[in-house]
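Data block below; observations after.
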Number of protein chains: 2
Amino acid sequence: MKITIKDIAKISGVSTTTVSQILNNKGQRFSDETRRRVLKAVEEYDYNPDYFAKNMINRESKTIGMIVPDVTDLFFSKVIEGVEAYLTKKDYMILLCNSNHSHEMEKDYIKQLLNRSVAGILLASPNSLELETSLKSPYILIDRGLNTRTEGNLLVKEYDGSYESVQYLINLGHRKIGMLTNESGYYEMSERYEAYCQCLKDNNISYNETYLEDGPVTIEGGYQAAKRVLARTDITALCCGNDQMAIGAYRAAYESGLHIPNDLSIIGFDNLEISEYLNPPLTTVAQPAFEIGYTAASYLFQSINQPEAKVPNKTFGTKFIVRGSTSLVDKI
Amino acid sequence: MKITIKDIAKISGVSTTTVSQILNNKGQRFSDETRRRVLKAVEEYDYNPDYFAKNMINRESKTIGMIVPDVTDLFFSKVIEGVEAYLTKKDYMILLCNSNHSHEMEKDYIKQLLNRSVAGILLASPNSLELETSLKSPYILIDRGLNTRTEGNLLVKEYDGSYESVQYLINLGHRKIGMLTNESGYYEMSERYEAYCQCLKDNNISYNETYLEDGPVTIEGGYQAAKRVLARTDITALCCGNDQMAIGAYRAAYESGLHIPNDLSIIGFDNLEISEYLNPPLTTVAQPAFEIGYTAASYLFQSINQPEAKVPNKTFGTKFIVRGSTSLVDKI
DNA sequence: CTGAAAGCGCTTACAG
DNA sequence: CTGAAAGCGCTTACAG
């Protein structure tokens, strides 16, 4: 049987009011003697106020929900790490939901989280989300462009980052530049794709549809997509939707007998820790995953504690990192 | 203002008892008419029973806590995925804690989780843990050998897996076999190390301390450790504590001008998705991370619902996977 | 400086 | 078939 505040009150010979006030550092000053007696009993019996009873009154669950499309995705796991790092300091805990890229699951999770009275929600999903407006608890959107909200959005300069990488390839002399993207209309992917198109245009390079391939944003997805595009084209460079896809593209290139970067230049997006260790190290567009998570958590925290205040938006810059997977074009 | 059961009762003209019973499918049969009225009001006002009030009575938080040493670790994120996959089906949610390999943090988190009345705890930590016995909620230990508990342990045949990989190298003619391990006495690492020693012994190969290196079980850790051991020895093969370390070792090898596998054979442990995509693909010892998580969750669930029943232990086998990072020894 | 009592939003014997 | 009342374990005006 769990020990309750009544037990502590009885043991230390005071009322529950007193115990409660002392434990919460509230109310009037109590005599040192009383305080000591109560604290001693608490200590001795290892009393902890019941979480549910306490919350029924305080409504401070100190819990937030976080929904990600894939926990094993290296980008998102880094974001989670950032979120956790911030929230732990504040004694908050995070209810983690893995939506498996499913929009249905996301909606389900949001409902469940709301039922659990979480203090706020962190939604790291690239999907557009119509039910946003019905969300009555504070929330922050990570990496989301497709929404009508004007505050609490954390974005990354997907477009600029992607543009820069394509321009880099063009400057190296590449003209036949492929791109691996994602079919399902993910916001970031669209941005990166748009930048690709625009950059070609700005450089008077004609757009070639066969240079494009779709696939899941995973290693395997990148492998399959790259395989297809390499089989039917003679591209000299390939922009991958993200680093994971680039990793898959490496293998596709090897299997096609292509040497990176001599025969094929490859560029990723994310700058995962692992990308630096690939062979050759991957040229990529860095985005600050940990910082994104950390900032998202801090904004949410702020939004929970000052519901009236407007939550700022934030756009993170990217950084283009040249490594060994890109080189001057080698063939015409 | 949140809508309560009283509101629903008033709106549908019945008592709160009736509303509660209908919503929980309990008690006696109610007239269809009453049921319809109540359900309609619930629907219309989007009523959801308060999580805390409900739990104060039912004590079914349907929440478990999970502690991992590192969310960004590819092995653990896969385990999390498995846990999530099982628990979601059961309408449970998981409170995720990232201990950063810190034993102190683990203890803190356990305390916090207990205070929150989680239904159970999943502890994925390679640390030994003295306070286990004081854990009064159901729990399952993942990947833990150093404990005195006789049930609810999920283990992997670390020793056998490691032994097999070392023996494989020896069969290829290797005699100068290095090993990258972890200093902090992690159970799995010790097992793998013990197997390494025993296998050498069984093959009458003398143990050479300089072939050993310690490091964090990360890519960077593997890189640094491999760099050190390659700088001072002429090993022809290297067993890495896990795949992440192996990835780091790849780069160390390249920087030392060594070709894998011709100059240096490398073996990992885990079989991460990425390992197959490395260049060359990594020979490694596979362990079923997703399945481990999934099983752990199912055992915990069982243990929550039948507290008296003994929770089984389970030991997962490993599978040795030969890929391109190992070859016959090339130099004497 | 301290306590009796009301109340948070539910569920559940119990009575009718 | 349905409701009044007690109770879960807390906190908080309020009164003294």
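Just so we're on the same page: letters track the sequence lines, and every chain starts at 1.
- When both distances must be under 3.5 Å, the Watson-Crick or G-U wobble mate of D:dA4 does not exist.
- When the nucleotides C:dC10, D:dA13, D:dT11 are ranked by their closest atom to the side chain of A:Lys54, D:dT11 comes out on top.
- Among the nucleotides D:dC10, D:dT2, C:dT11, the one closest to any side-chain atom of A:Tyr47 is D:dC10.
- Between A:Arg59 and B:Asp50 the shortest side-chain heavy-atom distance falls below 4.5 Å.
- Counting heavy atoms of neighbouring residues, nucleotides and ligands inside a 6.0 Å radius, atom NZ of A:Lys89 exceeds 12 of them.
- Rounded to an integer number of Å, the gap from B:Glu33 CD to D:dT2 C1' is 14 Å.
- As a whole-Å value, the separation of B:Ile5 CD1 from D:dT2 C1' is 14 Å.
- Ion pairing between a basic and an acidic side chain is recognised when a charged N comes within 4.0 Å of a carboxylate O; A:Lys2 and A:Asp46 show no such pairing.
- Contact between the side-chain N/O atoms of B:Asn24 and the OP1/OP2 oxygens of C:dT11 is found at a separation under 4.0 Å.
- For A:Arg59, the side-chain atoms get nearest to C:dG9 when compared with the rest of C:dC10, C:dG9, D:dC1.
- Look at A:Glu33 and A:Arg36 and you find a salt bridge, because one of the NZ, NE, NH1 or NH2 atoms lies within 4.0 Å of a carboxylate O, short of that distance.
- Mapping B:Ala53 and B:Ser15 onto DNA chain D by nearest heavy atom places B:Ser15 closer to the 5' end of the strand.
- Note: OH (B:Tyr51) to P (C:dT11) measures 14 Å, nearest angstrom.
- The distance from atom NZ of B:Lys26 to atom C1' of D:dT2 is 17 Å, rounded to the nearest whole Å.
- The nucleotide whose nearest atom lies closest to any side-chain atom of B:Thr17 is, among C:dT2, D:dT12, C:dA13, C:dA13.
- Of the candidates D:dC10, C:dC10, D:dG3, D:dG3 carries the atom nearest the B:Thr18 side chain, counting heavy atoms from C-beta on.
- One atom, CG of A:Asn25, and another, C1' of D:dT11, lie 14 Å apart when rounded to the nearest Å.
- Look at A:Thr34 and you'll find a side-chain N or O under 4.0 angstrom from OP1 or OP2 of C:dT2.
- Distances were taken from every side-chain heavy atom of A:Lys6 (C-beta onward) to each of D:dC8, D:dT11, D:dC10; the shortest belongs to D:dC8.
- Protein atom CG of B:Asn58 is 17 Å distant from nucleotide atom P of C:dG9, rounded to whole Å.
- Look at B:Lys78 and B:Glu81 and you find a salt bridge, because one of the NZ, NE, NH1 or NH2 atoms lies within 4.0 Å of a carboxylate O, short of that distance.
- Taking only side-chain nitrogens and oxygens, A:Ser20 never comes nearer than 4.0 Å to OP1 or OP2 of D:dT12.
- A straight line from CG of B:Asn115 to C1' of D:dC10 spans 14 Å, rounded to a whole angstrom.
- Between B:Arg35 atom CZ and D:dT2 atom P there is a gap of 10 Å when expressed in whole angstrom units.
- Comparing B:Ile57 and B:Gly13 against DNA chain D, the residue whose closest nucleotide sits nearer the 5' end is B:Gly13.
- Here B:Asn55 lies out of heavy-atom contact (under 4.0 Å) with every strand.
- Residues A:Thr63 and A:Arg116 form no side-chain contact, since every pair of their non-hydrogen atoms from C-beta on lies 4.5 Å or further apart.
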